[in-house]
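In what follows, chains carry the letters A, B, and so on, assigned in the order in which the sequence lines appear, proteins first and then strands, with residues in each chain numbered from 1. Just so it is clear, the model here is predicted, and its values are computed rather than measured.
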Number of protein chains: 2
Amino acid sequence: MRSVTIRNVADMAGVSVATASRVLSGHPSTSEVARDAVSKAATKLGFRPNAQARSLRKTSTQTIGLVLPDVRNPFFADLAHAVEQRARDFKYLTLFGNANEDADQQDRYFDIMLTQRVDGLIAAPQGNVTDLQSVLDSGVPTVFVDRVIPDTTVPSVTPDNVTGVQEAVRHLTNSGHRRIGYIAGPQSTSTGRERLAAFQSALADTHADDDADLIFFGDFQSASGAAGAHHLLELPHPPTALLAADSLMSIGAVGVCNERGLTIGTDVAFVAYDDIEAFSLINPALTVIAHDVNAMGRLAVDLLTQVIAGETPESVILPSRLIVRGSTPSLPGGLTS
Amino acid sequence: MRSVTIRNVADMAGVSVATASRVLSGHPSTSEVARDAVSKAATKLGFRPNAQARSLRKTSTQTIGLVLPDVRNPFFADLAHAVEQRARDFKYLTLFGNANEDADQQDRYFDIMLTQRVDGLIAAPQGNVTDLQSVLDSGVPTVFVDRVIPDTTVPSVTPDNVTGVQEAVRHLTNSGHRRIGYIAGPQSTSTGRERLAAFQSALADTHADDDADLIFFGDFQSASGAAGAHHLLELPHPPTALLAADSLMSIGAVGVCNERGLTIGTDVAFVAYDDIEAFSLINPALTVIAHDVNAMGRLAVDLLTQVIAGETPESVILPSRLIVRGSTPSLPGGLTS
DNA sequence: CTGAAAGCGCTTACAG
DNA sequence: CTGAAAGCGCTTACAG
């Protein structure tokens with residue numbers, strides 16, 4: 001299936017390849033006669049320029065790479081959608097890589113993106129600088145989104161990982177909870193680390209128990225949320241409230257509560273991370289720590305275009321906030337902070 | 001940021017570009033001396049072959065295109081994940097395009113995929129043959145997944161859209177329901193059409209009302225599910241059971257039931273499409289029509305590799321089945337079919 | 001406005 | 001086993 005080349009178009013139009021190329025790419029220096037002939041020939045032949053050949057000649061590929069930890073996580077699915085739609089505004093095609101919350105797959109995708117010569121890279125990375133070394137060395141314009149890697153100067157768009165957690169802990173302790181179980185994200189991610197630190201420092205400001213047993217380390221995927229809920233609820237002195245550091249672990253943990261016959265809101269309070277639509281449907285609806293994923297995706301692309309243009313944009317931190325719903329009722333006899 | 005080329009590697013290794021190329025691509029005809037020198041030079045320089053140049057020379061790009069209707073739909077997110085993971089087994093990079101349930105965006109992505117010269121294309125398409133014309137004309141190996149376009153000979157992997165719906169209708173009527181509201185998918189999609197037809201023919205086998213008012217046409221997105229639930233529940237003679245044709249419309253519809261103070265399972269029975277994890281967490285858990293999305297994604301890739309190899313594989317239809325949960329209690333006085 | 005020619009970074013028959 | 005050379009399909013100074 002040999003596809004039609006610019007050569008064929010030029011021949012049919014009776015002009016040189018150079019002229020055909022000029023017409024096809026909208027170069028001003030073309031005669032009307034040439035424009036007509038070339039356009040007609042191109043549509044008649046169904047000509048479609050070869051992106052590889054064009055990219056090889058020009059310095060740009062008009063593509064950006066997006067490396068995310070997990071498409072199946074609704075938060076990242078929304079983020080992917082936001083990035084892609086915004087990239088379209090700049091005529092960029094988004095190459096999408098799904099790291100599966102796995103450092104090796106992530107690094108392989110970084111490699112592929114560089115091999116594909118993307119014009120820019122947006123990533124929600126895990127790990128440390130060594131994972132990024134090839135990307136940094138290549139000098140490809142890069143922006144981090146949601147997560148960052150410390151000790152790099154890569155611009156980023158991240159959520160405020162402190163305020164939401166703080167509000168959640170305050171809300172729970174105000175409602176009388178003293179034992180809050182925390183299902184943490186992996187400490188190889190900045191969000192995992194920052195949210196845990198925020199949780200611990202928020203605890204210190206309250207009368208709640210600061211007990212190492214109340215923290216379970218998950219991996220941001222559903223099964224680990226389930227494992228975490230099991231572990232915490234089996235404790236000799238189990239928590240009366242649970243807080244999970246992302247939506248997938250929240251889903252896993254809620255499932256375990258249901259299985260064990262615990263009524264959420266009554267038997268155990270629950271705060272989830274990320275405001276995904278399904279969480280407002282669970283009965284009672286889940287209290288969540290929310291942030292604006294759409295803005296995050298758009299801004300990441302905007303920052304990237306600036307980096308590509310040679311500028312060095314400031315990193316952005318987006319606010320997060322607590323949305324209180326039925327899963328965390330305010331107890332009448334609650335303490336005040 | 002001029003990147004290092006094979007020329008640089010060859011120079012440093014003291015060999016010709018041809019030899020460097022042979023070593024780098026594992027061609028057997030190379031001496032150990034050359035292998036050593038080239039390998040060393042390549043790693044020392046951080047050489048990364050230019051995929052564009054390579055693709056231009058070879059006939060293949062080692063990429064496949066995946067055009068899906070909506071990443072934010074958990075079903076398609078899962079499908080994307082399945083396809084991508086399977087594609088990796090064949091060393092294919094997956095270029096991902098999100099049509100946003102929009103025919104124009106879909107067609108633009110088809111265009112982009114052809115321009116990028118993907119080795120193959122997997123799509124869950126909407127529309128009719130004209131949308132596909134350029135793809136068919138190009139002769140690029142193509143496989144449909146989940147959805148198909150009629151009057152084409154493209155191999156496909158689709159769910160059985162009949163059995164699950166049939167079981168759902170039978171289950172509901174056996175439980176005494178006579179008025180079942182149906183939130184249909186867009187009729188521009190094969191799944192939308194087939195599921196509606198299955199619903200109507202299943203109704204004909206029962207004593208349930210076959211009333212045009214009981215059918216609402218949505219677009220597979222959440223907001224239309226909400227609109228559908230509103231419309232149906234406002235009917236002078238409203239349905240006692242609802243069935244929605246995909247997960248996103250189910251989410252929207254369940255939200256509306258909650259808002260209106262209707263208790264699902266008690267005030268209104270509910271059957272959702274696609275077995276996404278969150279549906280088992282809603283209280284009561286939702287009865288769903290389930291199919292194996294993971295198998296669907298894997299098989300689509302397997303079929304595509306066969307098409308690429310010049311074979312003409314048979315299309316596959318995967319079974320779907322009803323999973324009964326709390327949202328559709330069996331009424332004690334239910335009719336028997 | 002137009003064409004001939006060089007070149008983007010690779011791969012691969014063709015000789016040797 | 002190795003190198004010189006041609007060529008994949010484009011774009012773009014350079015002359016005219």
Side-chain angles (χ1 to χ4, degrees), chain A residues 1-39 41-42 45-63 111-112 114-119 138 140, chain B residues 1-39 41-42 45-63 111-112 114-119 138 140:
Chain A
M1 191 65 46
R2 169 113 265 90
S3 54
V4 4
T5 76
I6 200 172
R7 170 87 259 162
N8 304 323
V9 175
D11 287 352
M12 172 176 277
V15 299
S16 72
V17 208
T19 299
S21 173
R22 289 197 191 90
V23 171
L24 260 9
S25 57
H27 188 101
S29 302
T30 48
S31 69
E32 191 161 347
V33 183
R35 275 198 294 280
D36 280 359
V38 171
S39 309
L45 292 171
F47 173 68
R48 190 183 307 282
N50 180 316
Q52 266 72 38
R54 175 177 290 175
S55 302
L56 189 56
R57 246 333 293 255
K58 318 192 41 149
T59 44
S60 94
T61 54
Q62 285 301 312
T63 61
D111 230 72
I112 289 174
L114 297 179
T115 300
Q116 293 291 326
R117 299 293 191 269
V118 293
D119 290 350
S138 76
V140 61
Chain B
M1 192 64 49
R2 166 116 265 86
S3 52
V4 3
T5 77
I6 200 173
R7 170 87 260 159
N8 304 323
V9 175
D11 287 352
M12 174 176 275
V15 299
S16 72
V17 208
T19 299
S21 174
R22 289 196 191 90
V23 171
L24 260 10
S25 56
H27 187 101
S29 301
T30 49
S31 69
E32 191 162 346
V33 184
R35 277 198 292 280
D36 280 0
V38 172
S39 309
L45 292 170
F47 173 68
R48 190 181 309 279
N50 181 317
Q52 265 72 36
R54 173 176 292 174
S55 304
L56 189 56
R57 246 334 292 257
K58 318 192 42 148
T59 44
S60 96
T61 54
Q62 284 301 314
T63 60
D111 230 71
I112 290 175
L114 296 180
T115 300
Q116 293 292 325
R117 299 292 192 271
V118 292
D119 290 349
S138 75
V140 62

Student: For the residue pair A:Ser138 and A:Leu114, what are the closest heavy atoms and their distance?
Tutor: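 Where A:Ser138 meets A:Leu114 most closely, the heavy atoms are OG-CD2, 3.4 Å.
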Student: How far apart are the C-alpha atoms of A:Gln52 and B:Gln116, what are their side-chain angles, what is the distance that settles it, and do they pass the side chain to side chain contact (heavy atoms under 4.5 Å, CB included) test?
Tutor: CA-CA 7 Å; A:Gln52 266 72 38; B:Gln116 293 292 325; 4.1 Å; yes
Student: Under 4.0 Å from any atom of DNA chain D, heavy atoms only: list the residues of residues 49-57 of chain B that qualify, in numerical order.
Tutor: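 Those residues whose heavy atoms fall under 4.0 Å from DNA chain D, taken from residues 49-57 of chain B in numerical order, are B:Leu56, B:Arg57.
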Student: Scan A:Thr61, A:Thr63, A:Leu56 and name whichever one has a side chain to side chain contact (heavy atoms under 4.5 Å, CB included) with A:Arg117.
Tutor: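 Of the listed options, the one satisfying the test is A:Thr61.
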Student: Return whichever of A:Ala18 or B:Ser31 has its heavy-atom-nearest nucleotide of DNA chain D closer to the 5' end.
Tutor: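 It is B:Ser31, whose closest nucleotide lies nearer the 5' terminus.
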Student: Can you check the distance between D:dT12 and D:dG16, where both ends of the measurement are the C1' atom (answer in whole Å)?
Tutor: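 Straight-line distance between the two C1' atoms is 16 Å.
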Student: Nearest heavy atom decides the nucleotide; on that basis, is B:His27 or A:Ile6 closer to the 5' end of DNA chain D?
Tutor: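 By nearest-heavy-atom nucleotide position, the 5'-most residue is B:His27.
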Student: Mind pulling the stems DNA chain C is in, i.e. runs of at least three Watson-Crick or G-U pairs, everything under 3.5 Å?
Tutor: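 When the pairs of DNA chain C are grouped into runs of at least three, the stems are C:1-3 with D:14-16, C:5-12 with D:5-12, C:14-16 with D:1-3.
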Student: With distance as the sole test, does B:Ser25 use its side chain to make a donor-acceptor pair with the main-chain N or O of B:Ser21 at under 3.5 Å?
Tutor: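 Checking the backbone N and O of B:Ser21 against the side chain of B:Ser25, a donor-acceptor pair under 3.5 Å is found.
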Student: Using side chain to side chain contact (heavy atoms under 4.5 Å, CB included) as the criterion, point out the one residue from A:Val15, A:Thr30, A:Val9 that pairs with A:Val23.
Tutor: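 Among A:Val15, A:Thr30, A:Val9, the one meeting side chain to side chain contact (heavy atoms under 4.5 Å, CB included) with A:Val23 is A:Thr30.
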Student: Indicate, with a heavy-atom threshold strictly under 4.0 Å, whether A:Ser21 touches base, sugar-phosphate, or nothing.
Tutor: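 It contacts base atoms.
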Student: Under 4.0 angstrom, heavy atoms only, what part of the nucleic acid is B:Ser29 near: base, sugar-phosphate, or nothing?
Tutor: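 Base: the residue B:Ser29, judged by heavy atoms under 4.0 Å, touches a nucleobase.
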Student: Taking it one step at a time, do A:Phe47 and A:Ile6 satisfy side chain to side chain contact (heavy atoms under 4.5 Å, CB included)?
Tutor: CA-CA 7 Å; A:Phe47 173 68; A:Ile6 200 172; 4.0 Å; yes
Student: With a 3.5 Å cut-off and heavy atoms only, can you find an N or O donor on one side and an acceptor on the other between the side chain of B:Arg22 and the base of D:dG3?
Tutor: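 Side chain to base: pair present.
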